[in-house]
Amino acid sequence: MGKMTGTSAGCRKYRILFVDDEEPYRVVVSQIMAEIGFQCLSASSGEEALAILTETPVDVMITDVAMTGMDGIELAAEAKRRFDVDSIVITGHTREYTFDKIIAAGAKDFIAKPFHNHEFIVRLKRVIRERELLADRNRAETALKNSESRLRALTVRLKEVEEDLRKAIARELHDRVGQNLSALNLNLSLLQGYLPDGMAKKTKRVMDDSIRLLGETTEHIRDVMARLRPVGIEEYGLAAAINWCVRRFSDRTGIKVETDLDGYVNRLPLPCETELFRIAQEAFTNILKHAQAKSVTISLRPVGDRLRLVIADDGRGFDTRDLQISADPHAGWGLVSMKERVYGLNGKFKVVSEPGKGTIVVVEVNRF
Ligand SMILES: Nc1ncnc2c1ncn2[C@@H]1O[C@H](COP(=O)(O)OP(=O)(O)O)[C@@H](O)[C@H]1O
Ligand SMILES: [Mg+2]
């Protein structure tokens with residue numbers, strides 16, 4: 001409680017405003033406040049108290065209830081409303097000023113006359129303590145919000161950097177590696193033609209093997225490029241890119257995919273399409289990695305002024321609550337990044353899943 005007295009070194013002195021129209025009370029309370037190391041201002045009416053509050057910041061106001069002019073209840077309400085100052089109201093034993101009325105008017109606490117100094121001090125300290133806890137909480141909440149929004153901004157930036165990097169690598173691969181592979185392929189085919197018919201079996205085998213390796217490598221590079229840049233999205237749009245991705249997914253996994261993409265006619269801006277594509281791609285990666293699904297459906301449909309992307313599988317599903325309690329910092333980036341992408345698009349994101357009941361990923365973004 002050292003902090004509460006405000007007298008120990010480094011602690012701010014609490015400032016109390018005491019309001020009572022009877023002089024003797026003002027003197028007594030000022031003395032008590034001085035004894036516990038609080039600074040005490042005093043006023044003889046509600047009007048005077050409000051004038052002081054306009055000029056001077058105060059931690060807590062203590063006011064008598066029955067005063068000529070503005071009464072203590074009105075004053076407490078005004079102090080709260082205009083200056084966010086909490087009050088303790090002192091009451092006599094009158095019917096008029098019930099405790100309910102006092103609290104309902106916005107006072108923090110009340111004390112009935114006659115009171116012991118001790119009770120007075122305890123209540124005062126409690127009100128101050130509550131106020132400080134609230135201020136601490138508000139500060140912590142603000143700090144949390146700030147760091148959240150900084151993290152969000154960082155995530156958005158990270159996505160941009162990632163997308164740029166992908167584009168640059170894909171271009172390099174296409175312009176340099178891809179071109180050379182094509183040229184090599186041409187050279188080898190020519191060479192094959194130049195070789196005499198009666199060529200040694202060994203040479204022919206090496207030749208055929210080289211052509212096969214080259215074919216495989218070309219295929220690999222194409223694959224890598226496709227993963228780096230959504231194929232055809234710039235020219236043909238999101239639906240085409242998803243169709244292409246779906247075909248590759250089915251070919252590779254044997255999982256049946258049903259598509260419903262025809263409703264997507266008015267194209268969204270390319271960055272938005274790219275984000276939606278990445279989300280679908282991540283969803284398919286998850287299906288491949290976790291779902292053990294037999295079939296998948298993907299749809300892209302306008303719903304009001306929104307576009308809804310839904311990817312549903314009939315796989316093993318999972319308990320979505322597990323995501324929140326996972327302590328592994330490396331786990332679950334897929335869903336997190338999907339969510340962040342959607343957040344960046346000002347959209348809505350939902351994952352519906354239950355063990356044994358498949359998984360549905362729903363994304364909604366504005367169409368305009
Ligand atoms: N389609 C799905 N079917 C079954 N489980 C899934 C599916 N998608 C996600 N999950 C579960 O949610 C977890 C988190 O997914 P994600 O965030 O993509 O991280 P990661 O794939 O790296 O584990 C997965 O580990 C998996 O348990
Ligand atoms: Mg994943």
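When a ligand or atom number is given, it counts from 1 through the structure's own listing order.
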**Report entry** Qualifying residue for side-chain contact (heavy atoms from CB on, under 4.5 Å) with Ile128, from Asp86, Leu133, Ile16
**Finding:**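 Among the candidates, only Ile16 passes.
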
**Report entry** CA sep, side-chain torsions, deciding dist, call: Glu282, Arg278, salt bridge (charged side-chain N to carboxylate O under 4.0 Å, His left out)
**Finding:** CA-CA 6 Å; Glu282 183 62 45; Arg278 295 281 175 229; over 6 Å; no

Using a plain distance cutoff, I'd like to know if [X] has any nitrogen or oxygen under 3.5 Å from a nitrogen or oxygen of ligand 1.
X      : answer
Arg316 : no
Leu335 : yes
Ile287 : no

Query - Contact summary for Phe284 and Ile298, nearest pair of heavy atoms - result: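 For Phe284 versus Ile298, the nearest heavy atoms are CE1-CD1, 3.9 Å.
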
Report task. Output yes if Asn286 passes the N/O/S-under-2.8 Å test against the Mg ion (ligand 2); output no otherwise. Result -> yes

Query - Note: Arg301-Asp260 ion pair, threshold 4.0 Å (strictly below) - result: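 Looking at Arg301 and Asp260, the cut-off is met.
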
Query raised in the report: Do Glu132 and Lys125 sit within salt-bridge range, that is, some charged N less than 4.0 Å from a carboxylate O?
Result: no

Report summary line: Quick look: Asp313 vs ligand 1, heavy-atom contacts under 4.0 Å, and the answer is side chain

Requested in this report: May I ask you to check whether Asp208 and Gln192 show a side-chain donor-acceptor distance below 3.5 Å?
Outcome: yes

Report summary line: Under 4.0 Å from one or more heavy atoms of Lys289, ligand 1 contributes atoms 20 (P), 21 (O), 22 (O)

Report task. Heavy-atom contacts with Gly334 under 4.0 Å: which atoms of ligand 1 show up? List them by number with element. Result -> 16 (P), 17 (O), 18 (O), 19 (O)

